[in-house]
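Each residue takes its place number in the sequence, starting with 1.
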Amino acid sequence: MSLSPHTTPSGFLLPSIHAAPPFFTQQPNPATQAIVTEQWSRLILSYARHRQLFTVRVEDAEVTGAYILEQMAAKNQLVYDPPKQSRSALLYWRTPEEWAEVLHEWASTTGQLNTILTFYEIIEPPVPSPLSGIPMQILRKAIHILTKTNRAQIIAVADGEGVRFLPGNAGK
């Protein structure tokens, strides 16, 4: 049997392991199951990144149980949202630290440094950006990381919170 990658109609490249029947069954050997689970985690995150999907529900991800999602949560590849439940989760196809860098880079390249923006203006910009549709929870974490490195400042605005991005480097 020859295994080869497959491109979906949306342009997503499924890895060759996706063509292997054992990829879809519980493996009796724990070491083999760990490899399969890791491959599933990578596939889920890659597909989410390709489609810019931020959430996953257990009903959508697996037929029985939430084993793969539990493993992803243990590796900080997702967080359950809302907390204290295990039916819905935010996917971290970028870590909050990576989102912080994307956010600061976006603010720099679009001339938004030293400008106060509402969170809504970041999530729903007039021109689509890498941040379009980012969940508020991930945005808040990214902004918090930037405030700790003095590259952002939370500002109270009339209808909630805003942020001012400051020049600076990640190492400072």
Side chains of Arg51 and Ser10: does their closest heavy-atom pair fall under 4.5 Å? yes

Taking the six-membered ring for Trp, are Trp40 and Tyr67 closer than 6.0 Å centroid to centroid? no

Decide side-chain contact (heavy atoms from CB on, under 4.5 Å) for Gln137 and Asp81; before the verdict, give the C-alpha distance in whole Å, the side-chain angles of both, and the deciding distance to 0.1 Å. CA-CA 9 Å; Gln137 302 88 322; Asp81 183 61; 2.7 Å; yes

For Gln27, is there any backbone N or O sitting under 3.5 Å from a side-chain donor or acceptor partner on Gln33? yes

Output yes when a side-chain donor or acceptor of Ser46 lies under 3.5 Å from a complementary backbone atom of Leu43, and no otherwise. no

Evaluate the side-chain proximity of Tyr80 to Glu70: yes if any heavy-atom separation is below 4.5 Å, no if none is. yes

Is the count of non-hydrogen atoms from other residues, nucleotides or ligands lying under 6.0 Å from Phe12 atom CZ greater than 12? yes

Inspect the contact between Arg94 and Glu101 and indicate whether a charged nitrogen and a carboxylate oxygen are less than 4.0 angstrom apart. no

What do the steps show when you test Leu14 against Thr7 for side-chain contact (heavy atoms from CB on, under 4.5 Å), and what is the final call? CA-CA 6 Å; Leu14 288 168; Thr7 303; over 6 Å; no

Quick one: OG on Ser129 to CD on Gln112, what's the gap to the nearest 0.5 Å? 10.0 Å

Joint hydrophobic cluster, Phe24 plus Ile44, side-chain heavy atoms closer than 4.5 Å: yes

Lys/Arg-Asp/Glu bridge criterion (N-O < 4.0 Å) met for Lys141, Glu97: no

Would you say Ile143 and Ile145 are hydrophobically clustered, going by side-chain heavy atoms of ILVMFWY under 4.5 Å? no

With a 3.5 Å distance limit and no angle check, can you tell me whether Gln85 reaches the backbone of Pro82 through a side-chain donor-acceptor pair? yes

In terms of heavy-atom contacts, Val58 and Ser86 come closest through CG2-O, 3.0 Å

Nearest-0.5 Å distance, NE2 of residue His104 to CZ of residue Phe165: 7.5 Å

So CD1 of Ile154 and CD of Glu161: to nearest 0.5 Å the spacing works out to 5.5 Å

Is the NE2 atom of His50 crowded by more than 12 outside heavy atoms at less than 6.0 Å? yes

Within the 3.5 Å criterion, strictly below it, is a donor on Ser41 or Gln39 matched to an acceptor on the partner's side chain? no

Atom pair OG1 (Thr115) and CD1 (Ile155), whose distance is rounded to the nearest 0.5 Å: 11.5 Å

If we only count heavy atoms from C-beta on, is the Arg42 to Gln77 side-chain gap below 4.5 Å? no

Rounded at 0.5 Å granularity, tell me how far CG in Leu166 sits from CG in Leu146. 9.5 Å

Centroid-centroid distance, Trp93 to Phe54, less than 6.0 Å: yes

Go through it in stages, so that I can follow the logic: the residues are Val163 and Ile122, the test is side-chain contact (heavy atoms from CB on, under 4.5 Å), and I'd like the CA-CA distance, side-chain angles, deciding distance and then a yes or no. CA-CA 10 Å; Val163 61; Ile122 297 168; 3.6 Å; yes

Distance col, row Leu139:CG vs His144:NE2, nearest 0.5 angstrom, shows 13.0 Å

Do the non-hydrogen side-chain atoms of Glu38 and Gln71 ever get within less than 4.5 Å of each other? no

For the hydrophobic clusters of this structure (ILVMFWY residues joined by side-chain heavy atoms under 4.5 Å, transitively), does one cluster hold both Met136 and Trp99? yes

I would like to know whether Glu98 and Tyr92 meet side-chain contact (heavy atoms from CB on, under 4.5 Å); could you show each step before the answer? CA-CA 10 Å; Glu98 291 169 331; Tyr92 282 169; over 6 Å; no

For Glu121 and Thr118, indicate whether the former's side chain and the latter's backbone hold a donor-acceptor pair under 3.5 Å. yes

Please give me the minimum heavy-atom distance between Pro128 and Ser132, naming the atom from each residue. CA-OG, 3.5 Å

